[in-house]
Amino acid sequence: MTACLDYSPNTIPQCSTLVDLLGTRAENQPDQIAYIFLENGETESAQLNYQQLNRQAQAIAADLQSLVAPGERVLLLYPPGLEFIAAFFGCLYAGVVAVPAYPPRRNQKMSRLQAIVADAQATVALTTTSVLGNIEGKFTENPELASLRWLATDNIGSDRANEWHEPALTSNTLAFLQYTSGSTGTPKGVIVSHGNLLHNLGVIHKGHSDNIHQVMLSCSCHSRVF
């Protein structure tokens, strides 16, 4: 793991990638809570500290590294929760490009998801056992989805982390593709690099008065300023 410069528990270290940043937090603040999931936006139901997130990301990454080459696109289909966070970092740790998308609702048309898979040229899909069970029945009508290699990350054991090897990443490495809703047309993807993400984190950090102990609330996770 590449070391980050100017490390301090109250600042964001100067890192070139999110892999370096999480690795530094896991090494220096392993027991500090990184993410908390609030069920229905109110009740705390799960949490991850930096060490746990680092370990889960490495395990998922090891599985991905056995399937695809660095730079390939990987679809993420998760309901709100910490499984998505671990899978997203797992993609970063594998050096592949995450493509987040909403799991299709019951009886929902698959056109948006099909458009995203085709445009991103995704080859693998990460999800949970529950979501995979719900979507498998639609494979016969959606060959684009059936052709993906599906991986339920909640079945990956933590011991897989021992097989992870760090990819070659820079601040310019593509981290994920963020797609529009597609409500007014075909979904369009925006390229986001590690450098883009770190810049955004730095801006958020400054906006919170440089206080690492403050937390921020998102639509799915309650997290510390990274």
Side-chain angles (χ1 to χ4, degrees), residues 1-35 47-76 78 82-100 120 122-124 126 151 153 156-178 190-205 212 216 218 220-221 223-226:
M1 184 76 67
T2 305
C4 295
L5 302 177
D6 298 337
Y7 173 77
S8 166
N10 293 318
T11 63
I12 290 184
Q14 296 179 13
C15 304
S16 59
T17 72
L18 260 72
V19 174
D20 293 340
L21 178 54
L22 177 53
T24 296
R25 292 298 190 201
E27 180 179 355
N28 293 279
Q29 300 160 265
D31 298 323
Q32 182 170 314
I33 299 302
Y35 290 92
Q47 61 181 357
L48 282 173
N49 62 35
Y50 287 120
Q51 185 177 54
Q52 291 169 331
L53 178 55
N54 184 64
R55 186 75 173 171
Q56 288 188 25
Q58 289 177 346
I60 293 170
D63 254 28
L64 284 172
Q65 288 173 332
S66 70
L67 293 174
V68 295
E72 291 201 36
R73 275 61 167 166
V74 175
L75 183 71
L76 272 61
Y78 288 87
L82 300 185
E83 292 88 355
F84 168 77
I85 300 295
F88 181 80
F89 276 97
C91 288
L92 301 184
Y93 271 54
V96 300
V97 180
V99 185
T123 57
V124 172
L126 302 183
L151 184 62
T153 54
I156 299 176
S158 61
D159 56 330
R160 284 286 277 160
N162 300 325
E163 302 171 42
W164 172 72
H165 57 273
E166 186 177 359
L169 305 173
T170 71
S171 62
N172 293 322
T173 300
L174 181 57
F176 77 104
L177 298 177
Q178 182 173 345
V190 176
I191 294 174
V192 184
S193 70
H194 280 264
N196 296 146
L197 287 171
L198 288 172
H199 174 77
N200 289 345
L201 285 172
V203 171
I204 293 171
H205 186 63
I212 197 66
M216 66 179 181
S218 74
S220 60
C221 289
S223 68
R224 294 189 180 274
V225 179
F226 213 93

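Model, not experiment: these values are computed from the prediction.
Atom OG1 in Thr17 sits 12.0 Å away from atom CG in Asn172 (nearest 0.5 Å). Rounding to the nearest 0.5 angstrom, the gap separating the CG atom in Leu169 from the CG atom in Asp20 is 7.5 Å. Summarising the geometry, atom CZ belonging to Arg55 is positioned 7.5 Å from atom CG belonging to Asp159; distances are rounded to the nearest 0.5 Å. To the nearest 0.5 angstrom, Thr123 atom OG1 is 9.0 Å from Leu64 atom CG. How far NE2 of His194 is from OG1 of Thr170: 8.0 Å, rounded to the nearest 0.5 Å. One distance of note links CD of Glu27 with CG of Leu22; it measures 11.5 Å at 0.5 Å rounding.
With a 4.5 Å cut-off on side-chain heavy atoms, Leu75 and Val124 do not count as touching. A 4.5 Å side-chain heavy-atom check between Cys91 and Phe176 finds every atom pair outside the cut-off. Taking the side chain as every heavy atom from C-beta outward, Val192 and Asn200 never approach each other to under 4.5 Å. Under the 4.5 Å side-chain criterion, counting only non-hydrogen atoms from C-beta, Gln56 is not in contact with Ile85.
Closest approach of Ala175 to Leu197, counting heavy atoms only: CB-CD1, 3.8 Å. Nearest heavy atoms, Gly90 versus Ala61: O-CB, 3.3 Å. Taking all atoms of both residues into account, the shortest heavy-atom contact from Val96 to Glu72 is CB-O, 3.3 Å. Nearest heavy atoms, Gln65 versus Tyr93: NE2-O, 3.7 Å. Scanning all heavy atoms of the two residues, the minimum distance from Asn54 to Ala26 falls at CB-CB, 3.6 Å. Taking all atoms of both residues into account, the shortest heavy-atom contact from Arg160 to Ser66 is NH2-OG, 3.7 Å.
Summarising the local packing, CD of Gln178 is surrounded by 12 or fewer heavy atoms from other residues, nucleotides or ligands at distances under 6.0 Å. For CG of Leu67, the number of neighbouring non-hydrogen atoms (other residues, nucleotides, ligands) closer than 6.0 Å is greater than 12.
Residues passing the side chain to side chain contact (heavy atoms under 4.5 Å, CB included) test with Thr153, sequence neighbours excluded: Ile60, Tyr78, Leu126, Ile156.
Between the Asn28 side chain and the Thr24 main chain, a donor and an acceptor come within less than 3.5 Å of each other. The closest donor-acceptor contact from the side chain of Asn196 to the backbone of Ser193 lies under 3.5 Å.
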- Pair Leu151-Val74, side chain to side chain contact (heavy atoms under 4.5 Å, CB included): steps then yes or no: CA-CA 10 Å; Leu151 184 62; Val74 175; over 6 Å; no
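Donor-acceptor pairing under 3.5 Å is lacking for the side chains of Arg25 and Asn49.
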